[in-house]
Every structure is written in C-alpha cells, then in structure tokens.
There are 2 protein chains.
Amino acid sequence: MENPEPDLVPTRLAGLPSWLITQTAVRAGRLVADGLAAVDARGYHFRLLATLDEFGPASQAALGRRSGIHVSDVVAALNELAEREFVTRSPDPADRRRNIVTITAAGRRQLRRLEKRLAAVQDDLLAPLSPDERADLTRLLSRVLAHHTRPPV
Amino acid sequence: MENPEPDLVPTRLAGLPSWLITQTAVRAGRLVADGLAAVDARGYHFRLLATLDEFGPASQAALGRRSGIHVSDVVAALNELAEREFVTRSPDPADRRRNIVTITAAGRRQLRRLEKRLAAVQDDLLAPLSPDERADLTRLLSRVLAHHTRPPV
DNA sequence: TCCGATCGTTGGTGACACTAACGTTAGCGC
DNA sequence: GCGCTAACGTTAGTGTCACCAACGATCGGA
C-alpha cells in the first residue's frame with residue numbers, strides 16, 4: 001500500500017544479511033498485519049490465542065514467556081481479547097498472585113480465522129520460492145533464531 | 001540483554017515462516033541497534049550515509065526512495081546527521097524545491113565506523129551457519145524481498 | 001497560463017519491544 | 001513463625017521504525 005516506487009537499492013545495504021532480514025520482515029509484517037486487520041486483530045492477539053490453544057490455560061507470565069511478549073504488553077492484549085470474549089481471566093485459587101487465562105469457544109473460532117488468513121499470507125510471502133526452498137529458508141532461520149534465543153554464552 | 005528465559009515456543013508459531021522472519025529480525029535489530037548505539041547512531045543514519053556514499057549527493061526525496069525511508073523520516077534523520085556535521089544540506093540552484101545533501105569527510109569516517117560495527121554484527125547474527133549456508137540464506141531472502149519490492153501485480 | 005506533480009517540512013499514528021516502579025502474594029532459609 | 005526474596009499483574013512511559021495527511025513553494029507540461 002506504499003513503497004513509492006523504490007529506486008535502485010545501494011549494494012552496501014542489499015548485501016547485508018541483517019538488512020535483508022529486517023526488510024523482509026517489514027514486508028512480512030505488512031502482509032500479516034493486513035491479513036489480521038481484516039479480522040480486527042494484530043500479531044499479539046494471534047500469538048496469545050495460539051499459545052493458549054496449544055498449551056492450555058496459563059498464567060499471564062507463562063503466556064508472556066511462551067509467546068515472547070513482554071508481560072506488560074500481555075496485559076493490554078489480554079484486555080482487548082477479554083473484551084471481545086475470546087479469553088477469560090480468573091484468579092488462580094492456588095496462587096492468589098496469578099490469573100488463569102483460558103481461551104473460549106469464540107476465541108478458538110477467532111483463532112481458526114486468523115490461522116486461515118496467515119496460511120494465505122505465507123503463500124503470498126514465499127511465492128517466489130519452491131517448496132524445497134521454502135523448507136531451506138525455514139530451516140536456516142530456525143537455526144539462527146535458536147542460536148539467539150538461548151545464547152550459548 | 002533481555003529475553004527473560006523463554007519457555008518452549010508453540011509449534012503453531014515456530015513453524016510459521018512469517019513468524020520466523022519477524023522474530024529473527026527482532027534479534028537482528030537488537031544486535032544492529034546495540035552495535036550502532038555504541039557510536040551513537042541508529043539504522044536510519046547508517047542507511048542514509050551508506051546511500052549517500054554509494055550514489056553521491058542527492059535530493060532528500062531521492063535519498064528516501066533509495067534507502068527505503070519515508071521522506072518525512074528522512075528530514076528528521078538528516079537534521080540529526082547535519083547537527084553532527086556528517087552531512088550538509090544546500091539548496092539546488094537548478095531546482096529551488098530541492099535540497100542537495102552531501103556527505104562530509106567526518107560523515108565518511110562515521111560511516112566506516114558504522115560499517116565496522118555492522119560487519120561484526122553479521123558474524124554474530126549468522127554464527128550458527130556455515131559460509132555456504134549464509135550464502136543460501138542471503139540468496140533466498142533476496143529473492144523473497146525482490147518479489148515484494150516490485151509487486152508483479 | 002493553468003494544473004498537476006514534486007519537494008521539503010510539520011505533526012501526527014500505530015505496532016512492537018522494552019524499562020521502571022508499584023503493591024500483592026508465595027515460599028524458602030533460618 | 002518471621003523475614004527476605006522472588007514472582008505476579010498492572011500502570012505508565014520510551015525508542016525505533018514505518019506510515020499518513022496536510023501545507024506552501026516550485027516546476028513543468030498541456
């Protein structure tokens with residue numbers, strides 16, 4: 001929806017892996033945002049719903065760790081999800097500091113919708129690559145990401 | 001410098017290429033930002049200096065197109081660069097709407113410093129990959145990016 | 001000469017990641 | 001049992017990047 005006719009890109013940038021990754025991420029982010037916006041959601045919402053669906057009810061802190069979202073941002077995103085009844089928050093009887101967050105049936109339906117949108121986005125995003133190449137890319141990125149997720153330091 | 005001990009990540013996320021790309025970009029962005037911050041700069045500054053050095057003096061609009069930065073953001077970033085005398089702005093005698101932006105000697109020195117930092121960042125970022133794999137990743141990302149840069153629509 | 005396009009600039013917005021501070025609560029060491 | 005530390009949820013604020021709308025000035029083609 002933008003990108004005002006880019007001129008040729010400096011090779012100093014185009015050759016930098018960090019630039020390639022972040023720029024590709026910008027494009028990917030746009031596609032994702034557009035896809036999710038059609039269902040009135042954004043990345044945080046999907047990540048939280050997917051995490052809840054996969055691991056079951058959890059505290060907000062656990063949700064944050066698993067989805068990679070900061071606890072303080074989890075609060076805001078859950079407020080929005082709860083307002084639309086995609087999720088319920090109830091105090092943990094066993095630990096009064098905690099909330100137990102649970103996905104609702106409506107939340108699961110919303111998640112299905114989001115997943116459908118995102119599947120289309122993947123296809124759009126990786127359009128120029130063959131299935132083998134897509135697998136290669138996924139493999140390489142996973143390795144890089146894993147390396148920086150649990151720094152061997 | 002953060003990442004508070006991530007729990008296991010949902011496979012629903014870990015398998016999504018769009019997620020892999022954006023998450024890897026977050027890590028890359030952190031490394032880049034840290035590297036540049038050490039010289040009191042950020043991404044926009046490097047991109048502008050590199051573009052200027054590669055293509056020579058240019059108008060702000062041209063700079064924006066080549067570096068992929070919105071014109072309005074170019075203004076702010078150039079203000080910061082000009083304040084530190086890394087760049088000079090002079091009116092274009094041939095077109096009074098335009099400014100001609102030129103990189104200074106100090107700007108070139110700063111660019112060298114930034115490039116040095118970024119080279120180290122690339123190595124850190126791609127540490128788990130062999131040279132061949134790094135080339136593969138670069139190739140794949142370039143293809144994806146090219147496809148979304150000039151939409152074939 | 002008019003009109004549309006371009007240029008620089010200002011002043012916003014939104015998503016995402018992240019930080020600091022706070023009161024509450026749990027659980028461990030002693 | 002008591003005190004300290006750590007974890008929890010929440011609020012409020014920051015920085016980067018990308019983007020949008022509007023403006024006056026200027027240019028260039030019809």
Side-chain angles (χ1 to χ4, degrees), chain A residues 1-6 18-19 21-23 25-37 40-48 58-65 67-80 82 89-101, chain B residues 1-7 18-19 21-37 40-48 58-65 67-80 82 89-101:
Chain A
M1 250 139 210
E2 27 5 69
N3 257 31
E5 178 127 11
S18 64
W19 187 84
I21 290 176
T22 51
Q23 286 305 299
V26 168
R27 263 64 176 200
R30 284 209 283 252
L31 295 177
V32 168
D34 287 354
L36 298 186
D40 230 70
R42 57 207 170 90
Y44 281 2
H45 299 142
F46 168 71
R47 287 157 71 176
L48 287 172
S59 73
Q60 300 185 188
L63 275 177
R65 281 189 298 263
S67 62
I69 303 176
H70 273 61
V71 231
S72 62
D73 296 320
V74 170
V75 174
L78 283 183
N79 285 343
E80 291 155 6
R89 251 193 283 220
S90 54
D92 185 341
D95 186 339
R96 284 191 291 168
R97 289 171 305 180
R98 285 189 170 103
N99 286 337
I100 298 184
V101 181
Chain B
M1 251 140 209
E2 24 9 66
N3 257 30
E5 177 129 14
D7 281 12
S18 64
W19 188 84
I21 291 176
T22 51
Q23 284 306 297
T24 308
V26 168
R27 262 66 175 200
R30 285 209 283 252
L31 295 176
V32 168
D34 287 355
L36 298 185
D40 231 68
R42 56 208 170 88
Y44 281 1
H45 300 142
F46 167 71
R47 286 158 70 177
L48 287 173
S59 72
Q60 300 185 187
L63 274 178
R65 281 189 298 264
S67 63
I69 303 177
H70 273 61
V71 231
S72 62
D73 296 321
V74 170
V75 174
L78 283 183
N79 284 343
E80 291 154 7
R89 252 192 283 222
S90 55
D92 184 341
D95 185 339
R96 284 191 292 167
R97 290 170 305 179
R98 285 190 170 100
N99 285 338
I100 298 183
V101 181

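This is a predicted model, so every value here is computed, not measured.
At a threshold of 4.5 Å between non-hydrogen side-chain atoms, the residues Val101(A) and Val74(A) do not count as touching.
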Step by step, work out the side-chain contact (heavy atoms from CB on, under 4.5 Å) result for Arg89(B) and Asn79(B). CA-CA 9 Å; Arg89(B) 252 192 283 222; Asn79(B) 284 343; 2.2 Å; yes

Could you walk me through whether Leu36(A) and His45(A) pass the side-chain contact (heavy atoms from CB on, under 4.5 Å) check? CA-CA 9 Å; Leu36(A) 298 186; His45(A) 299 142; over 6 Å; no

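Backbone-only engagement by Gly43(B) is indicated by non-hydrogen atom pairs under 4.0 Å involving sugar-phosphate atoms exclusively.
For Asp73(A) and Val26(A), each mapped to the nucleotide of DNA chain D holding its nearest heavy atom, the one lying further toward the 5' end belongs to Asp73(A). The residue among Ala41(B) and Pro93(B) whose nearest nucleotide of DNA chain D lies closer to the 5′ end is Ala41(B).
Between Asp34(B) atom CG and dT16(D) atom C1' there is a gap of 13 Å when expressed in whole angstrom units. One can place CZ of Arg96(B) at 5 Å from P of dC27(D), the figure rounded to the nearest angstrom. Following rounding to the nearest Å, Asp92(A) (CG) and dT25(C) (C1') show an atom-to-atom distance of 12 Å. A straight line from CG of Leu63(B) to C1' of dC7(C) spans 13 Å, rounded to a whole angstrom. Between His70(A) atom NE2 and dT14(D) atom P the separation is 17 Å, expressed in whole Å. Atom pair Leu36(B):CG and dC17(D):P shows a separation of 8 Å (rounding to whole Å applied).
With sequence neighbours excluded, no residue forms a side chain to side chain donor-acceptor pair (under 3.5 Å) with Ser67(A).
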What string of B, S and - do you get for nucleotides 3-10 of chain D, 5' to 3', when a contact is any protein heavy atom under 4.0 Å? ---BBSSB

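Taking both residues in full, the closest heavy atoms of Ala28(A) and Ile21(B) are given as CB-CG2, 4.5 Å, listed atom of the first, atom of the second, then distance.
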